[in-house]
> 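Below are the structure tokens for one structure; questions will follow.
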Amino acid sequence: MLDLKFIRQNPETIREMLKSRGEEGPLDELLDLDEQRRSILVEVEQLKARRNEVSEQVAKLKREKKDADDIITEMKGVSQTIKDYDEQLRVIDEQLLDRQLRLPNMPHSSVPVGTSDEDNVELRQEGQIPEFRFEVVPHWDLGVNLDIIDFERAGKVTGSRFYFLKGQGACLERALINFMLDLHTGAHGYTEIFAPFLVNKESALGTGQLPKFGEDMFKVEGQDYYLIPTAEVPVTNLYRDEILDGSLLPLNHVAYTACFRSEAGAHGRDTRGVIRVHQFNKVELVRFVEPDNSYQELDTLVRHAEVVLQKLGLAYRVSQMCTADLGFTAAKKLDLEVWMPSYGKYVEISSCSNFESFQARRANIRFRREQGAKPEFVHTLNGSGVAIGRCLAAVLENYQQADGTIIVPEVLRPYMSGVKRIE
RNA sequence: GGAGAGGUGACAGAGUGGCCGAAUGUGGCGGUCUCGAAAACCGUUGGAUGCCAUUAGGUGUCCCGUGGGUUCAAAUCCCACCCUCUCCGCCA
């Protein structure tokens, strides 16, 4: 959410921003509602001031045991008028907030303007793309052949876009989670969080999933609970409606959670394998930082995510998203894409964003630079560190052998009872 | 799920209709004292938002879990909901 005052004072900047994102935003409605709101506010506040003044007189007269019937009668009328105005305001406020919540974030000045993902900018490639002297097998076939992934039975038990992991497959998933958690809590100094997998509407509003993207989440029927699409939601909302002590910043959290996405509108894309599914695991990094250095901190965050891939010996590249591919909430977003041999291209495995004060304003997360200082909004950052399902797929594919077995990357072996090869 | 208690400022804790944005204490900040510190003493210390002036500021409104209601007037009375705690039941 953007600052209402900023929107009011810079409508043309917002208009250009929407254009560069290729989006329509309810800007004109918003400006109009804001105008209405303030004019009514002036009226009603004058009346309230009058009422407060008279109330004091009434109190005084009663204390002196004098008659106050005349002004009481007058105030009955005034109070009714106030009530009417307040009702109008309530309606306007609600609409105004709704429009405000539907306006996307301002891209940072370093973000390239573009019209599609083709305008994203590759920043660098890292690691060696493996060469195979045999026909590369996609991870879904590798997994099924080794009897460590079962898509068919998952279709029976739940539905399409779900899968079971079995034996060494399940163990590999668990190894990846623990390896990443240990890396981030250890070398990178994050504090681990284990969060609820269900959140309420306020939290979904806070991080920006609602009101615009409700259809992408699973909702619990008859209850105000949503299955989290990412740990970003519960972990960012940890400090909703709080004023943090500035000396605690930056506040760095790492969380493993399952993630649930309805993938509405993704029919026909990545239908095979574990790349696009309704439930997957992810280790997420969430940071609360001071506004002054949030872009530096974003770079740090990206580096932390990169270390995961480096240690696993996977080739990847880092790309900067253009205005069209930023997403609703980000001011700047860098994606890590891992090399996926069966695709013959890089596949997104981590997305690292600076939201600046966009989420903090929605979720009302503030900090004080020092005791007694004015509260300011923090900047929130997050990034996958990294997506477990896709990472498992990448490990299977990149470490596959001619005989269909999988070499276990060195760093994962301690997490797999020393197993060196899945066969 | 049943019964009860409770939600007030950073924290503790008063306040049962008007003089309450809210006593008091603790903490924080500034000062006096001191070579310095502690103690003591004095002062100060919430958030949101509108209007005017925009350099300083001035002025108004709202906020006592949330939302409604009663009233000229609500932290205070009424209703609903949320959350916390205690006991019972159930359960991993």
Side-chain angles (χ1 to χ4, degrees), chain A residues 1-10 30-101 194-206 210 220 222-226 234 237-249 251 258 288 357 359-378:
Chain A
M1 183 159 84
L2 300 171
D3 182 18
L4 193 56
K5 219 179 289 171
F6 177 82
I7 299 172
R8 189 186 300 149
Q9 287 163 0
N10 306 278
L30 188 150
L31 292 170
D32 186 49
L33 286 163
D34 177 53
E35 191 71 45
Q36 287 183 42
R37 173 176 170 272
R38 282 181 300 143
S39 78
I40 295 177
L41 214 50
V42 171
E43 297 280 324
V44 72
E45 286 188 358
Q46 270 168 13
L47 290 176
K48 283 181 179 174
R50 167 89 181 126
R51 181 179 65 184
N52 288 344
E53 210 176 288
V54 171
S55 283
E56 220 160 294
Q57 284 177 30
V58 172
K60 197 172 155 208
L61 288 171
K62 295 249 167 171
R63 245 177 289 132
E64 292 167 356
K65 304 250 195 282
K66 288 184 187 159
D67 179 68
D69 290 354
D70 289 351
I71 45 178
I72 285 178
T73 316
E74 183 205 335
M75 278 306 109
K76 272 191 193 184
V78 173
S79 279
Q80 189 52 50
T81 313
I82 290 175
K83 215 176 222 174
D84 295 342
Y85 273 131
D86 274 344
E87 176 57 20
Q88 288 180 41
L89 269 180
R90 194 189 58 74
V91 173
I92 291 174
D93 277 343
E94 196 178 298
Q95 295 175 345
L96 184 63
L97 179 64
D98 176 77
R99 303 305 183 274
Q100 220 181 334
L101 289 171
F194 192 87
F197 291 2
L198 273 68
V199 295
N200 58 29
K201 185 185 286 134
E202 284 69 36
S203 295
L205 277 168
L210 289 178
V220 177
Q223 279 182 297
D224 182 34
Y225 290 140
Y226 296 83
N237 279 283
L238 245 186
Y239 303 111
R240 174 148 52 82
D241 294 318
E242 292 190 29
I243 300 176
L244 302 168
D245 180 346
S247 68
L248 297 174
L249 302 182
L251 210 52
F288 304 82
S357 58
Q359 293 181 324
R361 189 169 275 115
R362 286 174 165 251
N364 194 27
I365 307 168
R366 295 174 292 172
F367 78 104
R368 280 186 225 271
R369 286 180 193 273
E370 52 203 66
Q371 286 270 355
K374 268 268 165 205
E376 299 172 55
F377 289 111
V378 299

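By convention in this document, chain letters (A, B, ...) are assigned in the order of the sequence lines, proteins followed by strands, and residues within each chain are numbered from 1.
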> Looking at CG of A/Leu30 and CG of A/Leu4, how far apart are the two atoms once the value is rounded to the nearest 0.5 Å?
6.0 Å

> When the P atoms of B/A23 and B/C11 are compared, how many Å lie between them, rounded to an integer?
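To the nearest whole Å, 16 Å.
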
> Check whether any side-chain N or O of A/Gln100 sits under 3.5 Å from a backbone N or O of A/Leu2 as a donor-acceptor pair, and report yes or no.
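At least one qualifying donor-acceptor pair exists.
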
> Using the P atom on both, measure B/G46 against B/C79 and round to a whole Å.
35 Å

> For A/Lys83, enumerate each residue passing the side chain to side chain contact (heavy atoms under 4.5 Å, CB included) test, keeping only those at least two apart in sequence or located in another chain.
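So A/Lys83 forms a side chain to side chain contact (heavy atoms under 4.5 Å, CB included) with A/Gln80.
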
> From NZ of A/Lys5 over to P of B/G50, roughly how many Å is that when rounded to an integer?
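That distance rounds to 6 Å.
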
> Working to the nearest 0.5 angstrom, can you tell me the gap between A/Leu249 CG and A/Arg368 CZ?
13.0 Å

> Please state how far atom CZ in A/Arg38 lies from atom C1' in B/U49, giving the value in whole angstrom units.
12 Å

> In whole angstrom, give the distance that lies between atom CG of A/Asp34 and atom C1' of B/C51.
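Distance, rounded to whole Å: 14 Å.
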
> In whole Å, what is the span from the CZ atom of A/Arg240 to the C1' atom of B/G47?
18 Å

> Does B/C51 have its OP1 or OP2 closer than 4.0 Å to a side-chain nitrogen or oxygen of A/Arg37?
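No.
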
> How long is the gap from CG on A/Asp34 to NZ on A/Lys5, to the nearest 0.5 Å?
11.0 Å

> Which atoms of nucleotides 27-30 of chain B (N or O only) lie under 3.5 Å from a protein N or O atom, and what are those distances?
| from | atom 1 | to | atom 2 | distance (Å) |
| --- | --- | --- | --- | --- |
| B/G28 | O2' | A/Gln371 | OE1 | 3.2 |

> Just jot down the salt bridge (Lys or Arg N to Asp or Glu O under 4.0 Å) partners of A/Glu376, sequence neighbours excluded, or say none.
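With sequence neighbours excluded, A/Glu376 shows a salt bridge (Lys or Arg N to Asp or Glu O under 4.0 Å) to A/Arg369, given in chain and number order.
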
> With rounding to the nearest 0.5 angstrom, report the CG to CZ distance, A/Asn364 to A/Phe377.
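Reported to 0.5 Å precision, the distance equals 5.5 Å.
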
> Using the P atom in both, what is the distance from B/U44 to B/A48, to the nearest Å?
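Looking at atom P only, B/U44 and B/A48 are 22 Å apart.
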
> Not counting sequence neighbours, which residues clear salt bridge (Lys or Arg N to Asp or Glu O under 4.0 Å) with A/Asp98? List them please.
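Here the qualifying residues are A/Arg102.
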
> Starting from P on B/G50, measure out to CG on A/Asp93 and report it in whole angstrom.
11 Å

> Can you check the distance between B/U26 and B/A40, where both ends of the measurement are the P atom (answer in whole Å)?
8 Å

> Using a 3.5 Å limit on both pairing distances, list the dot-bracket string of RNA chain B from the 5' end; Watson-Crick and G-U wobble pairs count, crossing pairs take [ ], interstrand pairs take |.
((((((((.[[[..)..(.....]]]((((((.......))))))(((((((....))))))).[[[[[..)....]]]]])))))))....

> Could you state the interatomic distance from CG (A/Asp67) to NZ (A/Lys62), rounded to the nearest 0.5 Å?
8.5 Å

> Return a table of donor-acceptor pairs under 3.5 angstrom between the side chains of residues 72-79 of chain A and protein atoms on other chains or two or more places apart.
| from | atom 1 | to | atom 2 | distance (Å) |
| --- | --- | --- | --- | --- |
| A/Thr73 | OG1 | A/Asp69 | O | 2.7 |
| A/Glu74 | OE2 | A/Arg50 | NH2 | 3.0 |
| A/Ser79 | OG | A/Met75 | O | 3.3 |

> Under 4.0 Å, counting only non-hydrogen atoms across every strand here, what does A/Arg8 touch: a base, just sugar-phosphate, or nothing?
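Sugar-phosphate only.
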
> Indicate every side-chain donor-acceptor pair of residues 88-95 of chain A with a distance under 3.5 Å to a residue at least two apart or in another chain.
| from | atom 1 | to | atom 2 | distance (Å) |
| --- | --- | --- | --- | --- |
| A/Arg90 | NE | A/Glu87 | OE1 | 3.3 |
| A/Arg90 | NH1 | A/Glu94 | OE1 | 3.3 |
| A/Arg90 | NH2 | A/Glu87 | OE2 | 3.0 |
| A/Asp93 | OD1 | A/Arg37 | NE | 3.0 |

> Nearest heavy atom decides the nucleotide; on that basis, is A/Ala59 or A/Pro375 closer to the 5' end of RNA chain B?
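By nearest-heavy-atom nucleotide position, the 5'-most residue is A/Ala59.
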
> Using the C1' atom on both, measure B/G18 against B/A74 and round to a whole Å.
10 Å

> Roughly, in whole Å, what's the span from CG in A/Leu4 to P in B/U49?
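So the two atoms are 9 Å apart, to the nearest Å.
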
> With P as the reference atom in both, quote the distance from B/C91 to B/G65 in angstrom, rounded to an integer.
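The answer is 37 Å between these two P atoms.
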
> Are any protein N/O atoms closer than 3.5 Å to N/O atoms in nucleotides 57-59 of chain B? If there are, list each pair with its distance.
none

> Could you run down nucleotides 61-84 of chain B 5' to 3' and tag each one B, S or - for protein heavy-atom contact under 4.0 Å?
SS-----S-S-BS-----------

> Between B/U24 and B/G9, how far apart are the C1' atoms? Round to whole Å, please.
13 Å

> A/Arg366 CZ to B/G46 P: how many Å, rounded?
14 Å

> For atom P, what is the distance between B/U8 and B/U66, given to the nearest Å?
10 Å

> Could you list the residues that satisfy side chain to side chain contact (heavy atoms under 4.5 Å, CB included) with A/Val42, not counting sequence neighbours?
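For A/Val42 the side chain to side chain contact (heavy atoms under 4.5 Å, CB included) partners, ignoring immediate neighbours, are A/Gln46.
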
> Who pairs with A/Arg366 by salt bridge (Lys or Arg N to Asp or Glu O under 4.0 Å), at least two apart in sequence or on another chain?
none

> Can you confirm whether A/Tyr225 is buried at OH, in the sense that more than 12 heavy atoms of other residues, nucleotides or ligands lie under 6.0 Å from that atom?
no

> Would you kindly give the CD1-to-P distance between A/Ile82 and B/G60, to the nearest whole Å?
16 Å

> For A/Ser357, what residues pass the side chain to side chain donor-acceptor pair (under 3.5 Å) criterion, not counting sequence neighbours?
A/Arg361

